[in-house]
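Side chains are part of it too, since the values below use all heavy atoms of this structure and drop only hydrogens, waters and symmetry mates.
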Amino acid sequence: MGGTLKDPFALREVLRTWLEEHSQYEGEGSSVDFPVQPTVVHYPGEVTVVLFPVVRALRRRPQEVGERLLRWLTRRIEGVIEGGQVVGGFLNLRFSGEFWREWLRARLMQWLEEGRYPLPWKRKEEPVLLVEFSSPNTNKPLHLGHVRNNTLGDAVARLLAVTGRGRVVRLNLINDRGIHICKTMLAWMKWGGGATPQSTGKKGDHFVGDFYVLFERRYKDEVERLVREKGMSEEEARREAPLIREAQELLRRWEAGDPEVRQVWKMMNEWVLEGFRETYQRYGVMFDAFEFESETYARGKELVYEGLEKGVFYRKEDGSIWVDLTDEGLDTKLLLRGDGTSVYITQDLGTIDLRWQKYRMQRMVYVVAEEQRYHFQVLKAVLRRLGKPYADTVFHLSYAMVELPEGKMKSREGTVIDADDFLDELTALALEQIRCSEKAKDASEEEKRELAEQVALAAIKFYMLRVDPNKKILFRKEEAMDFEGYSGPFLQYTYARIQALLRKAQEEYGLGREAIVRLLGERGFAELIEEERRLLQMLFFYPVRLWESAQRYDPSLLANALYQLAKEYNRYYARVPILRGSSEEERVWRLALSWWVGETLAHGCVEVLNIPMPARM
RNA sequence: GCCCCCGUAGCUCAGCGGAUAGAGCAGUGGCCUUCUAAGCCACGGGUCGCAGGUUCGAAUCCUGCCGGGGGCACCA
């Protein structure tokens with residue numbers, strides 16, 4: 001019984017057979033479908049079948065279709081449906097307590113046997129799906145913008161993997177070349193005095209980032225001086241300033257492969273990367289491969305020349321190479337400078353070509369801020385002109401900026417919120433709260449620290465993931481640092497409560513997990529209460545939420561569903577005693593339900609959103 | 001000028017063609033001698049930016065307008 005109807009997908013399959021049986025003599029049923037959705041709160045039942053689409057196709061009255069469907073369903077999936085009611089164009093189904101008990105038992109059993117959360121999809125090795133995210137520049141440390149990118153990219157990669165879309169490969173394309181890198185190198189060479197991260201005890205990315213800021217400050221001073229003393233225009237001064245000239249010279253030497261420049265470049269990049277690795281590790285973000293623009297831009301140039309030969313690009317008198325995309329509503333676009341050096345898009349052309357050679361991916365997801373929408377439109381169009389088979393794999397997953405109440409974050413002006421610093425600050429706050437708490441009094445200092453970092457991570461990640469990627473995040477510190485309400489720690493807390501119950505069940509009642517499953521199969525039980533039906537409904541629909549979330553490349557859907565589940569569970573927890581003051585039968589049932597809520601929270605958080613779930617807090 | 005994204009409660013957001021539009025925060029008032037109060041309950045708070053249209057049904061889709069943001073570089 002419980003095995004026959006694992007989730008709403010299974011119910012839809014059953015409904016489809018009804019349509020097949022009835023379309024033969026009742027008209028066109030082929031393209032219509034019964035949407036299945038959770039029943040809204042005010043009506044009895046857990047699952048609602050929406051009749052409108054079919055009603056229209058069959059040209060029958062909703063009442064008639066609904067009642068016939070109900071009768072048919074009740075027989076078809078025996079013992080599942082306890083009651084049903086047609087309201088307007090909706091058929092509300094109420095599942096029997098017996099069904100739910102068996103459903104829950106089957107899920108728990110499967111979980112115990114397979115050691116993982118049962119889902120309707122298997123992880124697959126084919127096709128290959130590439131997800132590029134993070135992709136930082138090596139001239140400054142990671143900030144809140146990267147944190148949003150990282151958590152989003154990470155979660156989307158996991159969503160695709162758990163819903164069985166294919167083998168997901170996570171890529172981090174390091175932007176390690178260009179004028180900004182040269183500026184930083186120049187500052188270090190001029191004013192660094194031979195200092196290193198080791199000699200100063202600074203984290204490598206911060207160490208290097210400071211030189212970038214230093215360069216920008218000196219450069220700004222120089223420009224101001226030129227304007228003041230030489231009477232230059234701002235624009236002219238910015239172009240003529242000796243510092244920028246020197247940086248450009250450095251870039252030329254870099255492109256020419258000057259060993260001295262390359263050596264400094266390599267060393268400084270390594271410092272930064274070491275710092276990045278540490279930050280990624282703390283945030284729990286992993287990549288399958290790091291790629292470097294310095295290694296892909298050359299291939300990009302080749303593609304540009306290829307297009308020139310094919311006649312899809314054209315050369316101007318100054319030698320620069322362009323593509324004309326005006327016929328598809330875009331502009332003309334520079335692909336290679338007159339002096340043969342590459343621009344931003346050149347590198348992206350090369351990168352995707354190399355990826356195609358290596359992976360033959362079916363999809364190339366770029367997790368990149370929304371300001372680059374146009375860039376990716378152009379990229380796709382250019383690849384099409386080149387006739388590349390992978391042109392249509394390009395998918396830009398754009399997300400909006402993280403802004404401060406004061407406005408945009410600007411690294412040049414030092415108004416960014418640093419990824420490391422913010423996590424430190426959150427961790428310190430969490431630690432303070434843990435120290436004040438009664439519950440953690442017997443935990444060691446080490447354990448408290450670890451827990452504090454997990455709480456901090458949950459807070460920051462959930463804060464980033466809970467909003468639609470298309471929407472700006474207005475970063476208000478107090479809100480991000482709030483561990484209550486609609487927050488990551490709220491989910492952790494709910495999970496930890498459940499784990500405490502399961503521990504106590506074992507210790508005080510001898511109810512281990514196997515025992516719960518066994519007893520659940522043996523005992524009858526009392527009527528389900530409303531809170532239980534709502535929890536079961538949410539658990540039943542969980543795979544659908546996952547699917548939709550993956551379908552839309554939007555983890556916020558999942559984040560929301562998990563929050564609602566936790567919220568509902570806390571209500572339940574406050575309403576009924578799980579362990580104490582309940583009969584043995586009730587105890588087993590309530591524990592089983594709690595356990596499954598916990599596993600579902602853990603699956604969504606740990607497996608997909610990559611938010612840790614401590615067993616106690 | 002053209003293109004893209006966003007306008008829902010005081011604030012931050014859910015709701016993505018279905019039923020009486022929901023949360024968190026903020027405000028007010030309750031609940032720790034029984035399982036973790038990072039929790040729960042109650043109250044107050046909304047012409048879903050505006051105007052048309054599409055249909056059995058629109059916060060949701062289409063058109064126009066208004067407001068906020070981003071983009072249209074021999075910057076990345």
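The listed nucleotides are B:C40, B:G71, B:A23; the one nearest the side chain of A:Y563 is B:A23. Here the side chain of A:P53 is nearest to one of B:G18, B:C6, B:C75, namely B:G18. Listed candidates were B:C40, B:C16, B:C11. Nearest to the side chain of A:D468 is B:C16. Between B:C6, B:G39, B:G71, one nucleotide has an atom nearer to the side chain of A:N470 than all others, and that is B:C6. Relative to the side chain of A:H42, the nucleotides B:U20, B:C13, B:G39 differ in distance, and B:U20 lies closest. Listed nucleotides B:U12, B:G39, B:C35 differ in distance to A:L579; the shortest reach to its side chain belongs to B:C35. Among the nucleotides B:C13, B:C11, B:G18, the one closest to the side chain of A:R476 is B:C11. Here B:U36 is the nucleotide among B:U36, B:A14, B:C72 with the atom lying nearest to any side-chain atom of A:R503. In the set B:C5, B:U36, B:A76, B:U36 carries the atom at the smallest distance from any side-chain atom of A:A496. Closest to the side chain of A:R580, out of B:G69, B:U34, B:A38, is B:U34.
Comparing the P positions of B:G49 and B:A14 gives a spacing of 13 Å, expressed to the nearest Å. B:G44 and B:G52 have their P atoms separated by 32 Å, given to the nearest Å. Taking atom P in both B:U8 and B:G68, one finds a spacing of 14 Å when rounded to whole Å. To the nearest whole angstrom, the two C1' atoms, one in B:A59 and one in B:C75, are 41 Å apart.
Across every strand in view, B:G17 sits unpaired, with no contact that passes the Watson-Crick or G-U test at under 3.5 angstrom. Nucleotide B:G29 is matched to B:C41 when pairs are restricted to Watson-Crick or G-U wobble geometry with both distances under 3.5 angstrom.
Side-chain N/O atoms of A:K471 include one lying less than 4.0 angstrom from OP1 or OP2 on B:A14. Residue A:R571 has a polar side-chain atom (N or O) positioned under 4.0 Å from OP1 or OP2 of B:C41. In this model, the phosphate group of B:G22 is not approached by any side-chain N or O of A:K567 to a distance below 4.0 Å at OP1 or OP2. Close to B:A76, at under 4.0 Å from its OP1 or OP2, lies a side-chain N or O of A:R337. Remark: A:K333 is not in phosphate contact with B:A73, judged by side-chain N or O atoms under 4.0 Å from OP1 or OP2.
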Problem set entry | A:E403 vs A:K408, salt bridge (Lys or Arg N to Asp or Glu O under 4.0 Å): CA-CA, chis, key distance, verdict | CA-CA 5 Å; A:E403 285 181 16; A:K408 282 185 81 171; over 6 Å; no

For this session: Please lay out, stage by stage, how A:E46 and A:R534 fare under the test salt bridge (Lys or Arg N to Asp or Glu O under 4.0 Å).
Result: CA-CA 7 Å; A:E46 293 90 46; A:R534 275 212 288 273; over 6 Å; no

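The side-chain tip of A:R466 points at the ring of A:Y486 from less than 6.0 angstrom away and within 45° of straight on. Cation-pi geometry between A:R497 and A:Y573 is met: under 6.0 angstrom from the ring centre, within 45 degrees of the axis. A:Y212 carries A:K140 over the face of its six-membered ring, with the cationic atom under 6.0 Å from the centre and within 45° of the normal. Stacking of A:K316 on the aromatic ring of A:W322 is recorded, both the 6.0 Å distance cut-off and the 45° axial limit being met.
Checking each of A:Y366, A:F395, A:Y344 against A:F376 for a ring-ring contact (aromatic ring centres under 6.0 Å, His included) leaves exactly one that passes, namely A:Y366.
Residue whose closest nucleotide on RNA chain B sits further toward the 5' end, between A:Y486 and A:R497: A:Y486. Between A:E484 and A:R552, the residue whose closest nucleotide on RNA chain B is further toward the 5' end is A:R552.
A donor-acceptor contact under 3.5 Å is not formed by the side chain of A:T39 with the base of B:A19.
The aromatic ring of A:F52 is stacked on the base of B:G18, with the two ring centres less than 5.5 Å apart and the planes inclined by under 30°. Look at A:Y573 and the base of B:G39; the rings do not stack under the cut-offs of 5.5 Å between centres and 30° between planes.
A:M617 comes within contact range of at least one nucleobase, with a heavy-atom separation under 4.0 Å.
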